[in-house]
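Some notes on the structure that comes next.
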Amino acid sequence: MKLPQSVRNLTTVVGASIAVISLLIILFLFIISSIFDIGSSYLGIFIYVVMPMVLVLGLILMPIGMWREKRRLKRHPEYKEEKDWPVIDFNQQPVRNATIIFVAGTICFLILSSIGSFEAFHLTESDEFCGKLCHQVMKPEYTAYQESAHERVGCVECHVGSGAGWYVKSKLSGLYQVYSVLFNKYPQPIHTPISSLRPARETCEECHWTEKFYDRKIKTKKSYLADGSNTEWDIHLMMKTSATYSAQGLQEGIHWHINPDVKIEYKALDVGRDTIPWVKYTNLKTGEVTIYEDESVETEGMDLQTLELRTMDCIDCHNRPSHNYQSPANFIDDYITSGHISKDLPDIKVVAMDALGADYPTADSAMRAIEAYANEYYEIMYPEVLSDQKELYEQALTAMKDGFNENIFPEMKVNWKVYPNHLGHLETNGCYRCHNDRHKATGGKVISRDCNLCHNILAQGTADEMQYAASDNPLEFKHPININEKWRTTFCSECHFSLY
């Protein structure tokens with residue numbers, strides 16, 4: 001097939017070779033991955049991003065080479081007489097051949113580009129791309145996500161949501177993230193994107209419809225004391241997520257905070273919104289406005305007017321909906337309850353807490369240290385366990401390691417302390433950030449700390465000595481250990497943030 005003389009140059013030939021080879025590699029890898037169901041974020045990036053870029057580079061080199069060759073022929077007419085503008089004469093075989101190749105190639109390129117662009121878009125929206133591409137960096141978030149109730153909800157559905165605007169914004173943000181990973185500029189731990197997070201009403205409320213809340217919920221929690229027999233302590237709570245009667249909607253209960261007839265605004269002193277000195281309540285029906293201030297918070301020299309005024313939404317309490325890192329006390333309690341750790345092993349709660357509460361530089365060193373500590377403890381205190389209950393002991397040791405690997409990531413400096421969960425008030429202040437009896441209005445009214453605002457205790461106690469509430473009269477909280485009623489005046493987190 002005869003082609004124009006301008007095609008006959010090294011740059012065009014190299015460009016064509018690069019384009020053809022790239023196309024063949026893309027087709028080969030696509031066929032192999034489809035037939036043998038081989039897929040990963042790395043292979044996808046290679047097929048739909050890297051190789052198409054090489055292909056485009058080759059296609060760009062072809063016209064550049066032709067243009068340079070035409071200029072060379074123009075400067076040296078002895079090679080071939082050239083005219084200023086090309087003459088398209090379909091009576092000439094070379095022109096017809098070049099036109100057919102150009103049209104057919106353009107159609108194929110557009111079709112393949114469309115498919116590749118869609119696949120590249122689909123790849124960058126996948127959970128695997130978000131969680132596995134930067135393995136070490138995103139490992140904590142991806143691991144916690146897989147253990148959460150939102151495991152079947154795509155990452156982008158919460159972090160991006162619908163609409164082109166937020167999609168573009170997320171991709172622009174992603175460019176800096178790629179740079180950070182390539183040049184090791186990312187922080188450890190990764191900062192929670194609180195300030196740039198899309199409003200919950202545009203993401204969470206796409207599924208969790210605020211106007212259609214359900215009835216109250218009973219929550220049962222089993223805990224185990226750090227004593228020789230791992231004494232079980234149970235508590236049954238009636239969580240007041242909605243009103244007493246579902247027909248009353250959001251008139252009362254925990255979710256009253258996002259009642260469409262009410263507006264709660266606040267100002268926080270820190271990025272994590274842990275310290276809140278100022279709260280504003282507005283009744284949108286009556287226009288009533290009440291401002292509460294916590295005078296115990298040190299604000300001297302600060303201008304509260306310059307702080308961000310935030311309207312409360314779901315994420316202010318449910319701030320770790322898919323990436324919650326449990327404390328050792330919680331996941332060890334769950335392992336004992338599920339039977340992965342036998343409560344018949346003496347002091348197992350104490351051993352687990354001591355081994356898991358230490359700081360380790362890497363996960364590998366933690367695995368060795370946890371096993372060494374447990375072995376040494378039982379060799380000294382209960383040597384019979386290692387012989388008579390060896391199978392239960394090995395099972396408990398495996399559970400401790402699994403719990404560590406799912407919740408604590410030393411390489412990224414991630415644990416439950418770094419990312420506090422505001423849902424509740426045990427390990428962190430959570431509800432007590434506002435509900436602490438210290439936020440007072442001008443008339444003396446306070447944001448109450450009364451436990452019964454959010455839940456009623458229906459039963460509590462050890463497995464063999466349970467105390468039950470009578471009808472509508474909830475129990476008063478009883479601390480499992482006698483601490484002289486200090487729980488009335490101190491926040492739970494003052495002890496439970498570090499202890500068990």
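The analysis underlying the following values was restricted to heavy atoms, covering all of them including side chains, and did not include hydrogens, waters or symmetry mates.
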> Are more than 12 heavy atoms from other residues, nucleotides or ligands located less than 6.0 Å from atom CD of E391?
Replying inline: no

>> What I want to find out is whether D294 reaches K440 closely enough, with some N-O distance under 4.0 Å, to be called a salt bridge.
In response: no

>> Can you pull out every side-chain hydrogen bond (donor to acceptor under 3.5 Å, both in side chains) where at least one residue sits in residues 395-419? Sequence neighbours excluded, please.
In response: E371-K401

> With sequence neighbours excluded, what pairs up with Y378 under the ring pair (Phe, Tyr, Trp, His ring centres under 6.0 Å) test?
Replying inline: Y393

> Any donor and acceptor pair, going by atom type alone, linking the side chain of N230 with main-chain N or O of L345 inside 3.5 Å?
Replying inline: yes

Let me check something: any side-chain donor-acceptor pairs from residues 315-325 under 3.5 Å, sequence neighbours excluded? List them with distances.
residue : atom : partner : partner atom : Å
D316    : OD1  : Y266    : OH           : 2.3
D316    : OD1  : R310    : NE           : 2.9
D316    : OD2  : R310    : NE           : 3.3
D316    : OD2  : R310    : NH2          : 3.4
D316    : OD2  : D313    : N            : 2.8
N319    : OD1  : H422    : N            : 2.8
N319    : ND2  : P420    : O            : 2.9
R320    : NE   : H323    : O            : 2.9
R320    : NH2  : H323    : O            : 2.8
S322    : OG   : H150    : ND1          : 3.3
H323    : ND1  : E141    : O            : 2.9
N324    : OD1  : N421    : ND2          : 3.1
Y325    : OH   : P140    : O            : 3.1
Y325    : OH   : E141    : N            : 3.2

> Taking NZ, NE, NH1 and NH2 as the nitrogens, is one of them in E476 or R488 under 4.0 Å from a carboxylate oxygen of the other?
Replying inline: yes

>> Do the side chains of K222 and E232 get close enough for a salt bridge, i.e. N-O under 4.0 angstrom?
In response: yes

>> Quick test of your reading: applying ring pair (Phe, Tyr, Trp, His ring centres under 6.0 Å), list the pairs with at least one residue in residues 429-470, sequence neighbours left out, ordered by first then second residue.
In response: H257-H435, H425-Y432, Y432-F491

> Around E151, counting heavy atoms of other residues, nucleotides and ligands shown, do more than 12 lie under 6.0 Å from its CD?
Replying inline: yes

> Would you say the side-chain atoms of T282 pair up with the backbone N or O of L284, donor to acceptor, closer than 3.5 Å?
Replying inline: no

Would you be so kind as to tabulate the donor-acceptor pairs closer than 3.5 Å made by side chains of residues 199-206, with sequence neighbours excluded?
residue : atom : partner : partner atom : Å
E202    : OE1  : R198    : NE           : 2.6
E202    : OE1  : R198    : NH2          : 3.3
T203    : OG1  : P199    : O            : 3.4

>> Under the rule for ring pair (Phe, Tyr, Trp, His ring centres under 6.0 Å), what residues qualify as partners of Y335, not counting sequence neighbours?
In response: H340

